[in-house]
Amino acid sequence: MRICSIASGSSGNCIYVGTESTHVLVDVGISGKKVEEGLNAIDMTSRDMDGILITHEHSDHMKGLGVLARKYGLPIYATRGTIEAICRMSSVGKLPEGIFREIQEDIPFQIKDMVIKPFQIPHDAAQPVGYRLEHENKSIGIATDLGKYDEYIVGKLQNLDALLLEANHDIRMLQVGSYPYYLKQRILGDKGHLSNENAGRLLCRLLHDHLKAVLLGHLSKENNYEELAYETVCQEVTLGDNPYQSKDFKIQVAKRNCVSDLVTV
Ligand SMILES: [Zn+2]
Ligand SMILES: [Zn+2]
């Protein structure tokens, strides 16, 4: 299996996950043109995709959805709440008839040789989910846009080979930053976003000998920066109550505007 972050951050998210024969995008929060450029960088094209998985309806996850769906007719997988929210949004434009495939939390589904397991995430959207994608004995997890984590989420992300995890903000930067009060409260809330510290603590619960790669993503432009997210998460791992040091794992930051390494597991 392979994973590549095409874009990651509050300004737009798009992730490619594939096997030899199945290729999907998780979210398309960037323009159709940027999706195509990103896929080209890993020798793929939008035409090769078998579907689009949407986590939730916020614009940083679906800005390019309308264009991509119309141009390539790619099926869109999303929960009922997310589908209804997308259909209410005028910015998406008209979507082809029958393009949605309704999915449900905790009910696995299949796209060709890939098994996909959606799980609930606490976030201020209609019916948001994260995804665990599996092929043969490999699995990749994607968890962004979550205000907090609990035992349910920890359970869904056990024994992964690769993980894309939100490290949205530094709490102090957010607190002293320029965002209005209500927005700070929203981001810090249980249905907001995961801080660097909490990302590190969640990661500590997911570590095992065969976790090959960790991509930190969905960094806030205003309230975080790459080195800080990386250092904070590494520190939690090294100082945390586990047998590991951060250098035991390949941890990297998924960049806002450029394609990450293509990670193969
Ligand atoms: Zn969101
Ligand atoms: Zn988001």
Side-chain angles (χ1 to χ4, degrees), residues 3-17 24-31 34-35 38 52-66 68 76-89 91-92 103 105 118-131 141-150 153 156-157 163-171 173-174 177 179-180 182-196 198-199 202 215-226 229 233 253-258 260:
I3 177 171
C4 174
S5 165
I6 294 173
S8 193
S10 24
S11 40
N13 298 277
C14 181
I15 303 157
Y16 160 81
V17 180
V24 301
L25 293 171
V26 180
D27 292 332
V28 277
I30 51 176
S31 71
K34 282 199 175 137
V35 172
I52 300 170
L53 315 180
I54 297 292
T55 59
H56 64 295
E57 71 276 17
H58 289 161
S59 66
D60 57 319
H61 298 263
M62 42 168 287
K63 213 176 295 160
L65 183 65
L68 228 66
I76 302 167
Y77 296 79
T79 59
R80 172 176 286 263
T82 300
I83 293 172
E84 287 172 355
I86 292 173
C87 292
R88 280 196 297 269
M89 292 165 84
S91 60
V92 182
I103 60 161
E105 303 91 345
F119 56 91
Q120 253 176 70
I121 50 169
H123 191 55
D124 56 354
Q127 196 183 353
V129 290
Y131 289 103
I142 294 172
T144 68
D145 301 75
L146 55 167
K148 60 172 186 178
Y149 66 88
D150 55 17
I153 288 177
K156 296 290 172 184
L157 297 173
L163 167 66
L164 191 144
L165 177 63
E166 169 166 63
N168 180 260
H169 57 274
D170 176 78
I171 294 170
M173 275 182 82
L174 178 70
Y179 277 13
Y182 77 90
L183 192 53
K184 291 182 182 181
Q185 292 308 108
R186 195 211 128 206
I187 294 168
L188 290 167
D190 282 353
K191 293 189 163 192
H193 291 277
L194 212 58
S195 66
N196 295 338
N198 279 336
L202 172 54
L215 286 159
L216 302 176
H218 210 303
L219 271 65
S220 162
K221 198 173 181 177
E222 301 285 325
N223 305 309
N224 210 354
Y225 54 95
E226 286 178 25
V233 169
V253 176
K255 302 216 188 280
R256 180 174 304 282
N257 287 319
C258 61
S260 74

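The chain is numbered in sequence order, starting from 1. None of the values given here were measured: they were computed from a predicted structure. Just so you know, ligand 1 is whichever comes first in the structure, and atom 1 is the first atom listed for that ligand.
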If I compare all heavy atoms of Ala254 with all of Ser8, which pair ends up nearest, and what's the gap?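 Smallest heavy-atom distance, with atoms named: CB-CB, 3.9 Å.
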Check: Lys191 and Arg186 side chains under 4.5 Å, non-hydrogen atoms: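 A side-chain contact under 4.5 Å is absent here.
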Checking Gln127 now: which residues fulfil side chain to side chain contact (heavy atoms under 4.5 Å, CB included) with it, not counting sequence neighbours?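 Result, side chain to side chain contact (heavy atoms under 4.5 Å, CB included) vs Gln127: Thr79, Arg80, Thr82, Glu105.
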Going by an N to O cut-off under 4.0 Å, is there a salt bridge joining Glu226 and Arg256?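 Between Arg256 and Glu226 there is no salt bridge, as every charged N stays at least 4.0 Å from the carboxylate O atoms.
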Return the number of protein N, O or S atoms with a distance to the Zn ion (ligand 2) smaller than 2.8 Å.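 Protein N, O or S neighbours of the Zn ion (ligand 2) under 2.8 Å, waters not counted, come to 4.
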Is the His123 ring parallel, tilted or perpendicular to the His56 ring (thresholds 30°, 60°)?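 Because their plane-to-plane angle is over 60°, the rings of His123 and His56 count as perpendicular.
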Counting only heavy atoms not in Lys156 (residues, nucleotides, ligands), do more than 12 fall under 6.0 Å from its NZ?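 Yes.
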